[in-house]
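None of the values given here were measured: they were computed from a predicted structure. In what follows, chains are A, B, ... by sequence order, proteins preceding strands, each numbered from 1.
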There are 2 protein chains.
Amino acid sequence: MKQILSNFKIQVNENIYLKDPESSKLGKKIIDHSILLIDEIGFEHFTFRKLAEQIQSTESSVYRYFENKHQLLVYLTNWYWSWIEYKLVFSTHNIADPTTKLELGLEIATRAPAEDEQFSHVNEVKLGGIVVAEFSKSYLTKEVDQENQEGYFATFKRLVSLLAEMIKEVNPEYPHPKSLISTVIQGALHQQYSREHLPSLTDCKNDDELVQFYKNLVLKQINF
Amino acid sequence: MKQILSNFKIQVNENIYLKDPESSKLGKKIIDHSILLIDEIGFEHFTFRKLAEQIQSTESSVYRYFENKHQLLVYLTNWYWSWIEYKLVFSTHNIADPTTKLELGLEIATRAPAEDEQFSHVNEVKLGGIVVAEFSKSYLTKEVDQENQEGYFATFKRLVSLLAEMIKEVNPEYPHPKSLISTVIQGALHQQYSREHLPSLTDCKNDDELVQFYKNLVLKQINF
DNA sequence: CGAATATAATAGTATTACTATTATTTTGAA
DNA sequence: TTCAAAATAATAGTAATACTATTATATTCG
């Protein structure tokens with residue numbers, strides 16, 4: 001994966017930052033360390049002041065990249081889903097059989113990133129953890145409609161529609177591909193969180209079982 | 001429903017408040033108006049100061065009932081899931097056929113509450129909306145493990161285990177009842193939210209279709 | 001090299017999330 | 001019915017958060 005993708009830079013919609021953090025050293029430091037810090041103390045306790053301390057910079061410097069910490073979270077989650085989308089598009093590119101293709105897509109969309117997948121300055125494993133715990137906070141706000149119009153959630157919606165298309169290739173008659181896919185992706189995040197913190201909400205002992213559970217759910221559902 | 005349940009008072013675990021809001025007029029006002037206010041401005045913008053203004057009381061008076069607004073949210077979501085649990089237990093009580101019972105249970109757990117179900121001083125419809133938009137914020141925090149130990153999420157876990165038992169009665173061999181149920185309940189909340197704010201993530205046009213989608217998902221999945 | 005731009009340092013404001021103190025009102029047991 | 005205890009209201013205050021503004025210094029790039 002590292003070799004395949006190392007030429008690509010994840011692009012995030014320019015509405016989601018004031019100044020592109022990929023365009024400077026400070027910008028990259030903001031991204032890298034915000035991932036470490038949010039992973040460590042959680043989004044609620046995370047502040048630009050604390051982040052600035054960690055990177056030996058100042059609050060106002062961070063504010064020149066992002067309007068506020070909410071926008072930074074949206075940036076991080078978009079980066080994450082873009083990365084999943086790249087992996088999905090590359091991996092499924094040459095696969096002819098629709099069912100195999102769908103299974104592979106589900107695998108990529110539901111499995112938590114592993115240590116050996118690192119391909120950028122970003123810590124993808126910790127970012128995956130942030131997505132599990134914080135992604136839903138990025139859209140469960142009163143500002144969702146306006147932000148949706150500005151493309152804040154476009155990456156995730158595109159991923160859902162990509163996988164929904166894969167379902168349609170397996171069974172063009174299936175009536176609820178988008179509901180099924182978004183239920184499965186969100187469900188996988190939730191099950192990962194549950195395994196760690198609310199174990200009575202899951203039966204999956206490990207990631208393999210979890211991925212298998214969702215693959216099975218989808219295939220059984222769409223095959224008539 | 002109103003008649004059946006009007007004798008029952010929803011009980012919330014006493015760890016989830018400092019003073020029982022059901023024990024006084026002010027307490028009930030806090031609950032009622034916090035639902036209206038959170039529904040109106042969202043949990044992020046909600047403060048005890050704003051709430052106190054609405055009910056012509058003071059911040060410090062509210063603080064004598066709840067440690068902070070997070071605890072109030074946990075209280076409200078527990079109340080909601082307790083109410084769902086009551087409806088589920090009553091409705092399925094005398095049903096012999098396990099499949100019919102499960103279908104009814106899924107119906108109650110996935111359908112958004114309707115206007116005519118009002119049975120208490122609480123606005124159940126708006127509370128349902130709050131659960132859709134804010135429930136996940138109640139456990140996606142760094143304090144989840146400690147709060148889980150104190151019983152903050154017991155009501156939801158009990159509801160999941162009730163429905164998981166219903167699955168086992170239909171098919172004792174099915175290996176992932178808890179994962180399936182928690183995926184479905186969370187999924188239904190998410191689909192309700194999507195229908196309103198991120199429509200490209202759903203195919204369900206209305207509540208009936210949504211409920212049917214999840215019933216079908218479960219039944220197809222567990223029937224061998 | 002010099003101008004433009006980015007960053008750092010510092011300070012300041014409004015709001016939030018509380019805590020503390022005292023006064024007033026309500027209540028409920030003798 | 002009274003009077004003590006408890007609940008509530010009024011007021012004030014603190015530390016942290018979420019910003020904005022100003023100026024000084026460093027960097028970069030045409």
In whole angstrom, give the distance that lies between atom CG of B:Leu18 and atom P of D:dT8. 13 Å
Can you check the B:Glu59 CD to D:dT8 C1' distance for me, whole Å? 14 Å
Any salt bridge between A:Arg158 and A:Glu85, counting N to O under 4.0 Å? yes
Cation over ring face, B:Lys69 and B:Phe46, 6.0 Å, 45°: no
Residue whose closest nucleotide on DNA chain D lies nearer the 5' end, A:Ser60 versus A:Phe48: A:Phe48
How are the rings of A:Tyr139 and A:Phe135 set to each other: parallel, tilted or perpendicular (split at 30° and 60°)? perpendicular
Over how many whole Å does the gap from B:Lys69 atom NZ to C:dA17 atom C1' extend? 9 Å
B:Leu72 CG to C:dA17 C1', straight-line distance once rounded to whole Å: 14 Å
Decide whether A:Glu143 and A:His70 meet the rule of one side-chain donor and one side-chain acceptor closer than 3.5 Å. no
Assess whether a salt bridge exists between A:Glu53 and A:Lys50, defined as any Lys/Arg side-chain N lying under 4.0 Å from an Asp/Glu carboxylate O. no
Nearest heavy-atom contact between A:Ile31 and A:Pro21 is CG1-CB, 3.7 Å
Scan side-chain atoms only and decide if B:His121 and B:Glu22 contain a donor-acceptor pair under the 3.5 Å cut-off. yes
Terminal axis angle for the helix from C:dC1-D:dG30 to C:dA30-D:dT1, five pairs an end, nearest 10 degrees: 20°
Between B:Val62 and B:Thr58, does the side chain to side chain contact (heavy atoms under 4.5 Å, CB included) criterion hold? Intermediate values first, please. CA-CA 7 Å; B:Val62 179; B:Thr58 62; over 6 Å; no
Starting from P on D:dT11, measure out to CD on B:Gln56 and report it in whole angstrom. 15 Å
Distance, rounded to the nearest Å, where B:Ile30 contributes CD1 and D:dA7 contributes P: 13 Å
Counting any heavy atom closer than 4.0 Å, what does B:Tyr63 reach on the DNA or RNA strands: base, sugar-phosphate only, or nothing? base
Starting at atom CD1 of B:Ile55, determine the distance to atom C1' of D:dT8, rounded to an integer number of angstrom. 11 Å
Short N/O separations, protein against nucleotides 5-7 of chain C, under 3.5 angstrom:
| from | atom 1 | to | atom 2 | distance (Å) |
| --- | --- | --- | --- | --- |
| C:dA6 | OP1 | A:Lys19 | NZ | 3.3 |
| C:dT7 | OP1 | A:Tyr65 | OH | 3.0 |
| C:dT7 | OP2 | A:Arg64 | NH1 | 3.3 |
| C:dT7 | OP2 | A:Tyr65 | OH | 3.0 |

Whole-Å distance separating the CD atom of B:Gln54 from the C1' atom of D:dA9: 18 Å
Report yes if at least one side-chain N or O of A:Lys50 is closer than 4.0 Å to OP1 or OP2 of D:dT17; otherwise report no. yes
Dump the intermediate steps for salt bridge (charged side-chain N to carboxylate O under 4.0 Å, His left out) on A:Lys126 and A:Glu40, then the final yes or no. CA-CA 9 Å; A:Lys126 288 192 174 171; A:Glu40 190 188 334; over 6 Å; no
